[in-house]
Asker: 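Can you read through this structure? Questions will come right after.
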2 protein chains.
Amino acid sequence: MWHPVVMADDAAPPMLTAVLEVARRQLGEVGPTALSLRSIAREIGVVPSALYRYLPGREAILTQLIQTGYERLAAAVREAEEAVPRQDHLGRWLTIWRATRDWALAHPHEYALLYGTPVVGYAAPSSTIEPATAVVLMLARVAIEAHAAGARPAAETQPELAQELRDDARTIQDALPRLGVEAAMPSDPQLVLLVVDAWTTLFGAISFELFGHYERSITARGAHLEALAQRRAAELGIVAAAPSTG
Amino acid sequence: MWHPVVMADDAAPPMLTAVLEVARRQLGEVGPTALSLRSIAREIGVVPSALYRYLPGREAILTQLIQTGYERLAAAVREAEEAVPRQDHLGRWLTIWRATRDWALAHPHEYALLYGTPVVGYAAPSSTIEPATAVVLMLARVAIEAHAAGARPAAETQPELAQELRDDARTIQDALPRLGVEAAMPSDPQLVLLVVDAWTTLFGAISFELFGHYERSITARGAHLEALAQRRAAELGIVAAAPSTG
DNA sequence: GGCCAACGTGAACACTGTTCTCACCCCAGA
DNA sequence: TCTGGGGTGAGAACAGTGTTCACGTTGGCC
């Protein structure tokens, strides 16, 4: 059992913030598994055991980094997306994809901590799964607003869906308002599932790129992600807004 | 520098095979980063330094496990796929997806070693990237055979492709015969790129499932992967072969 | 002024990967 | 039959890790 410092946001001990600062800096250089508590203490100029006054152990540092990592990723993507005109749904959609990839390339080890092999144990603490939903929620918001503006999913990509999957879709749909997505959504479960599809593709592609699986096949990584984003947008019926002679 | 035992397939030292056997067994329990050379030596009943007669270090064990891991995955998927009638392209396609997921669920740590955060260093040795292509090659073969049988990609999912991406597609296409895929393929780059898309989706979804990102959203994981496979098949024009009253 | 709690130190333990020296043992050649 | 010699594994050692615990010091409050 461990009780000190309930990690309340108000008045965080300066040492704690120093630990997380140094930890994130070192994470930019060495990767999650190589991140060393002793090395962090060394850089702060303190003996390793001193950190145990503020943290229950090494895993807690990683958990904190995961949580703020999701928030930093979300902030970067949100900032990029908000610069695009609201009615340009395709532009917003593509921007989310690009900004996510840009952030991942700029912070590969931090990305690996979030989306690579879990290192804290195989069940993520619930405190880390809520901020993790930010990017998919942004995708969902764009898809919903595009739908409200008349976009319709391509009809031919509609296999018969298993009932349990329809139930998942409905549960997700019902949870959206609570997560800040004002969803006056059609009862069609296809929309949510297509968003989950796109979300999976986005991070699947970035992970493949960063983890070396495109090594001798796809070299035009940016263009490749762009094509994926376009295809997923097309499935959702999200098309270019500007005057296009199509 | 390190020279003994060039890892030739003929007459591998029994200790070496024992190491890899025990290593894979332990990998089934603890995960790649926790895999310990000392623990392996302990189980064999030998002192740690003894292993250095046969291996240059811990990373070499992981590299070996990666290589044979890809081969084991490929074997499992191939066995399942070969049980499906050749002309049932959709059935073969879906079987590849299911078999890959089944193997991943049965060997989560081994899957994490292959498709999670790289642990051997950020450039995979070239000996490990060739067997890694087996699954995507199987997807490609089915897509090509379906195409030869008349399947055509959906026309509307065709954004203008960047030239560099078309070049990648051509390079891949040219490499296929050398990799055992007898490809009398159309010059359309779309087909290869759609296969890469599907490949990315497949492992993206499995990684999301295993690494906990579907934790409170998608619970019907099997049905979900099935839907993804169906959608990717539809984009490639792979449809059910049997008499179906559409 | 004295007390108490928070703080950081230092030593220690149990691990890890890796290197090096040393003894053994078996087999080839004289 | 004796004698090397080479491959083999043991053992100790080094540097590093996460974690625990007992010990001083120090600063603020009564």
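Computed over heavy atoms, backbone and side chain alike; hydrogens, waters and symmetry mates excluded. Naming convention: chains lettered A, B, ... in sequence-line order (proteins, then strands); numbering from 1 in each chain.
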Asker: Just jot down the salt bridge (charged side-chain N to carboxylate O under 4.0 Å, His left out) partners of B:Arg24, sequence neighbours excluded, or say none.
Answerer: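 Testing B:Arg24 for salt bridge (charged side-chain N to carboxylate O under 4.0 Å, His left out), a comparison that skips the adjacent residues, returns B:Glu110.
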Asker: Using the test side-chain hydrogen bond (donor to acceptor under 3.5 Å, both in side chains), find all partners of B:Thr200 that sit at least two apart in sequence or belong to another chain.
Answerer: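 By the side-chain hydrogen bond (donor to acceptor under 3.5 Å, both in side chains) rule, B:Thr200 matches A:Tyr214.
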Asker: Whole angstroms only, please: what is the CD-C1' distance between A:Glu59 and D:dT17?
Answerer: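 Spelled out: CD on A:Glu59 to C1' on D:dT17 is 14 Å.
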Asker: Please enumerate all residues that pass side-chain contact (heavy atoms from CB on, under 4.5 Å) together with A:Ala50, with sequence neighbours excluded.
Answerer: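 Checked A:Ala50 against side-chain contact (heavy atoms from CB on, under 4.5 Å); matches are A:Val46, A:Val47.
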Asker: Filter on salt bridge (charged side-chain N to carboxylate O under 4.0 Å, His left out), then keep only pairs touching residues 29-40 of chain B, sequence neighbours left out; what's left?
Answerer: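 The answer is B:Arg25-B:Glu29.
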Asker: In whole angstroms, how far is the C1' atom of D:dT20 from the CZ atom of A:Arg53?
Answerer: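 Roughly 12 Å, once rounded to whole Å.
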Asker: Taking heavy atoms of chain B and a 4.0 Å limit, find me the 5'-most and 3'-most nucleotide of DNA chain C within that range.
Answerer: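 Extent of the interface on DNA chain C: C:dT16 to C:dC20.
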Asker: Distance check needed: D:dA22 C1' versus A:Tyr52 OH, whole Å only.
Answerer: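 Rounding to the nearest Å, OH of A:Tyr52 and C1' of D:dA22 are 17 Å apart.
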Asker: Would you work out how much the helix from C:dG1-D:dC30 to C:dA30-D:dT1 bends between its ends, with each end axis defined by five base pairs, to 10 degrees?
Answerer: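 Taking five pairs per end, the axes differ by 20°.
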Asker: For A:Asp102, which residues count as a side-chain hydrogen bond (donor to acceptor under 3.5 Å, both in side chains) partner, sequence neighbours excluded?
Answerer: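 Once residues adjacent in sequence are excluded, A:Asp102 has no partner under the side-chain hydrogen bond (donor to acceptor under 3.5 Å, both in side chains) criterion.
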Asker: For DNA chain C, which residues in residues 37-46 of chain A have a heavy atom at a distance below 4.0 Å?
Answerer: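 Within residues 37-46 of chain A, the residues near DNA chain C are A:Arg38, A:Val46.
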Asker: Grab the two heavy atoms, one from B:Trp199 and one from B:Leu139, that are nearest each other, plus how far apart they are.
Answerer: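 In this case the closest contact between B:Trp199 and B:Leu139 is CA-CD1, 3.9 Å.
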Asker: For A:Arg58, enumerate each residue passing the salt bridge (charged side-chain N to carboxylate O under 4.0 Å, His left out) test, keeping only those at least two apart in sequence or located in another chain.
Answerer: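 Scan of A:Arg58 (salt bridge (charged side-chain N to carboxylate O under 4.0 Å, His left out), adjacent residues dropped) gives none.
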Asker: List in chain and number order the residues that pass salt bridge (charged side-chain N to carboxylate O under 4.0 Å, His left out) with B:Glu79, two or more places apart in sequence or in another chain; answer none if no residue qualifies.
Answerer: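 Not a single residue meets the salt bridge (charged side-chain N to carboxylate O under 4.0 Å, His left out) criterion with B:Glu79.
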Asker: Any side-chain N or O of B:Tyr54 less than 4.0 Å from the OP1 or OP2 oxygen of D:dG7?
Answerer: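 Checking D:dG7 against B:Tyr54, no side-chain N or O comes under 4.0 Å of OP1 or OP2.
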Asker: Can you work out whether A:Ser49 or B:Pro48 has the more 5'-proximal nearest nucleotide on DNA chain C?
Answerer: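 Its nearest nucleotide lies further toward 5', so the answer is A:Ser49.
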Asker: Can you name the residues that form a salt bridge (charged side-chain N to carboxylate O under 4.0 Å, His left out) with B:Glu209, not counting sequence neighbours?
Answerer: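 Partners of B:Glu209 by the salt bridge (charged side-chain N to carboxylate O under 4.0 Å, His left out) criterion, ordered by chain and then number, come out as B:Arg101.
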Asker: According to ring-ring contact (aromatic ring centres under 6.0 Å, His included), who are the partners of B:Tyr111, at least two apart in sequence or on a separate chain?
Answerer: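 Once residues adjacent in sequence are excluded, the partners of B:Tyr111 under the ring-ring contact (aromatic ring centres under 6.0 Å, His included) criterion are B:Tyr115.
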